[in-house]
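Notes follow once the structure below has been shown.
The basis for the numbers below is simple: all heavy atoms, side chains too, and nothing from hydrogens, waters or symmetry mates.
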Number of protein chains: 4
Amino acid sequence: MTDKKENILNAALELFAKEGFTATSTSKIAKKAGVSEGLIFRHFKNKDGLLEAILHEGEERIKILFANIIFETNAKKVIDLVFDMVLGIAASSDATDFWKLQYKIKWELEMYAESKMEPLELALTNAFKKLAFNNPEMEARSLLIIMDGLAMRYFLQKDFDINSAVNFLREKFKQ
Amino acid sequence: MTDKKENILNAALELFAKEGFTATSTSKIAKKAGVSEGLIFRHFKNKDGLLEAILHEGEERIKILFANIIFETNAKKVIDLVFDMVLGIAASSDATDFWKLQYKIKWELEMYAESKMEPLELALTNAFKKLAFNNPEMEARSLLIIMDGLAMRYFLQKDFDINSAVNFLREKFKQ
Amino acid sequence: MTDKKENILNAALELFAKEGFTATSTSKIAKKAGVSEGLIFRHFKNKDGLLEAILHEGEERIKILFANIIFETNAKKVIDLVFDMVLGIAASSDATDFWKLQYKIKWELEMYAESKMEPLELALTNAFKKLAFNNPEMEARSLLIIMDGLAMRYFLQKDFDINSAVNFLREKFKQ
Amino acid sequence: MTDKKENILNAALELFAKEGFTATSTSKIAKKAGVSEGLIFRHFKNKDGLLEAILHEGEERIKILFANIIFETNAKKVIDLVFDMVLGIAASSDATDFWKLQYKIKWELEMYAESKMEPLELALTNAFKKLAFNNPEMEARSLLIIMDGLAMRYFLQKDFDINSAVNFLREKFKQ
DNA sequence: TATGAATGAGGTTTCATTCAT
DNA sequence: AATGAATGAAACCTCATTCAT
């Protein structure tokens with residue numbers, strides 16, 4: 001991948017995450033990337049293609065992130081890792097941009113990537129089963145719902161204290 | 001308020017909730033409302049002014065909704081009512097539009113109306129205190145975070161079974 | 001004439017003089033006049049009609065102004081009065097608005113009301129003839145041209161010292 | 001500069017001069033220039049930017065015009081050249097458009113470009129000094145005021161005979 | 001007489017996209 | 001691969017004007 005193509009991808013990720021897909025114009029992206037507007041279309045065909053490319057790169061990244069959790073065999077550790085993942089979002093501005101885009105796009109395009117989450121839900125279900133929870137499926141689903149709630153707050157509430165919230169909920173899932 | 005003004009407000013609410021604020025053009029709103037485009041600007045000055053008007057109406061509606069919970073004295077009932085409220089979202093398409101807009105706008109404009117939620121958080125804190133929970137503040141906050149997670153799933157995941165999720169989590173908060 | 005009609009006329013005069021005819025919207029006039037926009041059209045049929053009304057009032061005012069000069073029999077006094085008239089423009093903000101509008105409209109609509117000036121030119125020609133000038137017609141015409149130049153500077157040049165310019169030119173016409 | 005950019009500039013100059021800045025729509029300019037409306041904004045950002053570009057080109061043109069007068073050392077010739085300049089306006093339709101725009105814009109935007117005229121006023125003052133006039137500063141200023149008066153008449157009065165007026169006034173300044 | 005709701009045409013500007021180079 | 005000129009459609013908004021009350 002050429003430098004300029006990367007620049008476009010990075011600029012678009014940042015802008016889509018900050019302002020949303022529709023509200024970000026290709027000209028703004030080109031300017032931020034230090035590139036002519038035409039080049040965006042040469043590389044990605046159209047604005048949708050650019051988004052697709054970003055989302056595709058995102059999927060790869062998510063797969064890697066999830067892999068670390070899915071291949072964990074210690075049940076308690078699995079649950080802990082899920083909570084850690086949320087804390088990880090807040091750890092780097094890069095990760096923040098990345099996840100914020102994922103959520104913003106979800107809302108703007110109204111699609112919840114259930115399939116992407118499935119392996120994680122399965123891993124969690126399995127962990128809760130091992131820990132002899134009554135309803136491991138629902139337990140797993142609930143945990144992921146909470147993750148979404150936490151992420152939402154972190155992204156949208158200026159002074160949200162994500163650490164104490166995560167710690168508190170972590171305890172709740174140790175029964 | 002004249003009929004046509006109402007029509008505009010209704011059309012805009014529906015379209016903003018379905019397509020988002022930026023992606024909805026004033027001409028689309030006018031067409032749906034059966035009204036000339038200019039009338040939107042006569043009544044609301046701006047597209048922003050139209051949004052503000054809708055959001056303002058929304059605040060009033062939220063105040064009423066919350067009042068029913070806040071003035072409940074039975075602690076267990078308070079918590080139950082919060083869960084019921086989430087179920088209420090799914091009960092009518094009108095309520096769905098209303099709440100979906102609230103969430104979509106939050107994401108598009110990146111603002112979490114913390115202040116609006118404060119009275120509810122206080123009422124919940126008080127309820128958990130009465131029920132002798134260890135950390136009533138965090139318990140209340142967590143419950144609201146979960147509400148956000150549930151709403152998010154309901155709006156974005158096609159086949160999400162909100163009822164069973166709510167029922168399961170409801171139990172979790174009975175310790 | 002009703003109060004409100006007068007208000008419209010005054011507001012329009014002021015705004016047309018300040019911002020020009022095209023650049024002044026009927027809604028701005030209505031707001032400044034403290035009147036509904038519709039009333040402008042009730043009284044004056046349309047925006048052009050409003051301008052016409054103002055211009056018509058202006059003609060009356062000009063006739064009166066000119067009368068004082070035209071009926072003067074002392075030749076030297078006639079010339080002096082023309083110079084005094086220019087100084088008079090600067091004397092009151094009301095007169096400034098009035099004349100500024102006359103000039104602005106001339107430029108915007110590209111019409112020089114020669115006929116309006118004819119009696120004045122005739123009076124001046126006659127005065128110069130009495131004073132035995134070689135070419136009284138051209139002398140009169142030149143004086144009026146100078147008046148236009150002076151007015152233009154007064155209206156458009158921030159720090160223009162109209163008094164000293166008038167005094168200097170006044171001497172020039174005493175040969 | 002591309003052909004189309006030039007076309008826009010020319011069309012705008014002509015239309016602004018004929019109809020005024022506010023009254024000329026960008027769509028009219030585009031049509032006359034044989035160009036898409038969007039191109040105006042790509043090249044000049046704004047309608048204001050387009051005007052600025054025209055005015056900027058105008059300044060350059062004025063500088064060149066004035067240079068010929070300012071570097072003249074023969075005092076009588078300097079004064080003659082100023083009168084010639086006015087006659088020059090009427091000589092070509094291109095020059096007419098150019099100067100008409102300068103005047104129209106002055107009136108529409110209410111700004112007299114004193115600084116632009118300063119070098120000319122200085123040169124004239126110097127000329128009158130050399131010719132031993134009593135008050136060379138005022139003499140120079142008056143001459144320029146008269147130029148404005150002449151230009152105004154030429155542009156606004158249908159049948160104005162600029163030649164005889166210029167010739168007459170030219171004599172007046174030979175004392 | 002006076003208002004205020006309403007409109008349709010047209011205004012400036014932005015946008016995604018194409019194309020010649 | 002990369003640019004920059006160019007476009008047409010559509011965006012938001014303003015305007016003069018009409019009409020029912």
Side-chain angles (χ1 to χ4, degrees), chain A residues 1-5 7-8 21-30 33-50, chain B residues 1-5 7-8 21-30 33-50, chain C residues 1-5 7-8 21-30 33-51, chain D residues 1-5 7-8 22-30 33-50:
Chain A
M1 177 144 50
T2 61
D3 266 12
K4 300 218 167 184
K5 194 171 174 186
N7 285 351
I8 294 170
F21 176 72
T22 310
T24 301
S25 68
T26 50
S27 98
K28 235 189 290 182
I29 296 168
V35 141
S36 75
E37 214 176 336
L39 194 58
I40 293 174
F41 295 87
R42 176 136 198 44
H43 279 309
F44 304 100
K45 186 159 171 35
N46 52 35
K47 204 185 165 190
D48 285 347
L50 174 56
Chain B
M1 179 146 46
T2 59
D3 271 9
K4 300 219 169 186
K5 192 172 176 186
N7 287 352
I8 293 170
F21 176 72
T22 310
T24 302
S25 70
T26 49
S27 93
K28 231 187 296 181
I29 295 168
V35 140
S36 74
E37 206 176 343
L39 193 57
I40 294 173
F41 297 90
R42 266 216 153 266
H43 278 310
F44 304 101
K45 185 167 172 50
N46 274 337
K47 204 186 165 191
D48 284 350
L50 173 56
Chain C
M1 178 145 48
T2 61
D3 266 12
K4 300 218 167 185
K5 193 171 176 185
N7 287 350
I8 294 171
F21 176 72
T22 311
T24 301
S25 68
T26 48
S27 99
K28 234 187 293 182
I29 296 167
V35 141
S36 76
E37 215 176 335
L39 194 58
I40 293 173
F41 295 87
R42 177 134 197 45
H43 279 310
F44 304 100
K45 184 157 172 31
N46 53 34
K47 204 186 165 189
D48 285 346
L50 174 55
L51 177 63
Chain D
M1 177 143 49
T2 61
D3 271 9
K4 301 219 168 185
K5 192 172 175 186
N7 287 351
I8 293 170
T22 310
T24 301
S25 71
T26 49
S27 95
K28 232 188 296 181
I29 295 167
V35 141
S36 74
E37 207 177 343
L39 193 59
I40 294 174
F41 296 90
R42 266 216 151 266
H43 279 311
F44 304 100
K45 186 164 172 49
N46 273 335
K47 204 186 164 189
D48 284 350
L50 173 56

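Of the candidates dC12(F), dA2(F), dT18(F), the closest approach to any side-chain atom of F41(B) belongs to dC12(F). Here the side chain of L39(D) is nearest to one of dA16(F), dT7(F), dT3(E), namely dT7(F). Closest to the N46(B) side chain, of the nucleotides dA2(F), dT7(F), dC13(F), is dC13(F).
Taking OG of S25(B) as the reference point, atom CD of E37(B) lies at 7.0 Å (rounded to 0.5 Å). Distance CZ/F44(B) to CD1/I8(B): 5.5 Å, rounded to 0.5 Å. For the atom pair N7(C) CG and L39(C) CG, the distance stands at 9.5 Å (nearest 0.5 Å). Distance CD1/I29(D) to NZ/K47(D): 6.5 Å, rounded to 0.5 Å.
In terms of phosphate contacts, T2(B) brings a side-chain nitrogen or oxygen within less than 4.0 Å of OP1 or OP2 of dA6(E). Phosphate contact (OP1/OP2 of dT12(E), side-chain N/O of T26(D), threshold under 4.0 Å): present. At the phosphate of dT7(E), OP1 or OP2 sits under 4.0 Å from a side-chain N or O atom of K4(B). Close to dA11(F), at under 4.0 Å from its OP1 or OP2, lies a side-chain N or O of S25(B). At the phosphate of dA16(F), OP1 or OP2 sits under 4.0 Å from a side-chain N or O atom of K47(C). At dA11(F), none of the side-chain N or O atoms of T22(B) fall inside 4.0 Å of OP1 or OP2 (strictly under the cut-off).
For the side chain to side chain contact (heavy atoms under 4.5 Å, CB included) test with V35(B), the passing option among H43(B), K4(B), K5(B) is K4(B); the others fail.
The separation between I40(B) atom CD1 and dA11(F) atom P is 12 Å, rounded to whole Å. Separating the CD1 atom of I29(B) from the C1' atom of dA10(F) is a distance of 14 Å, rounded to the nearest angstrom. Atom CZ in F44(A) sits about 11 Å away from atom P in dA2(F), given to the nearest Å. For the pair N7(A) CG and dT3(F) C1', the interatomic distance rounds to 15 Å; values are reported in whole Å. Atom P of nucleotide dG11(E) and atom CG of L50(D) are separated by 15 Å, given to the nearest angstrom. If you take CG of D3(B) and C1' of dA6(E), they are 13 Å apart, rounded to a whole angstrom. Distance, E37(B) CD to dA11(F) C1': 8 Å, rounded to whole Å. What separates CD1 of I8(C) from C1' of dT3(E) is a distance of 12 Å, to the nearest Å.
Mapping D48(A) and H43(B) onto DNA chain E by nearest heavy atom places H43(B) at the nucleotide closer to the 5' end. Mapping S27(A) and G34(C) onto DNA chain E by nearest heavy atom places G34(C) closer to the 5' end of the strand. Nearer the 5' end of DNA chain F, as judged by each residue's closest nucleotide, is the contact made by K5(A), out of K45(B) and K5(A).
When both distances must be under 3.5 Å, the Watson-Crick or G-U wobble mate of dA2(E) is dT21(F). The pairing partner recorded for dA16(E) is dT7(F), the criterion being a Watson-Crick or G-U wobble arrangement whose two distances lie under 3.5 angstrom.
On a pure distance criterion of 3.5 Å, a polar donor-acceptor pair joins the side chain of R42(A) and the base of dA1(F).
With a 4.5 Å cut-off on side-chain heavy atoms, D48(B) and F21(B) count as touching.
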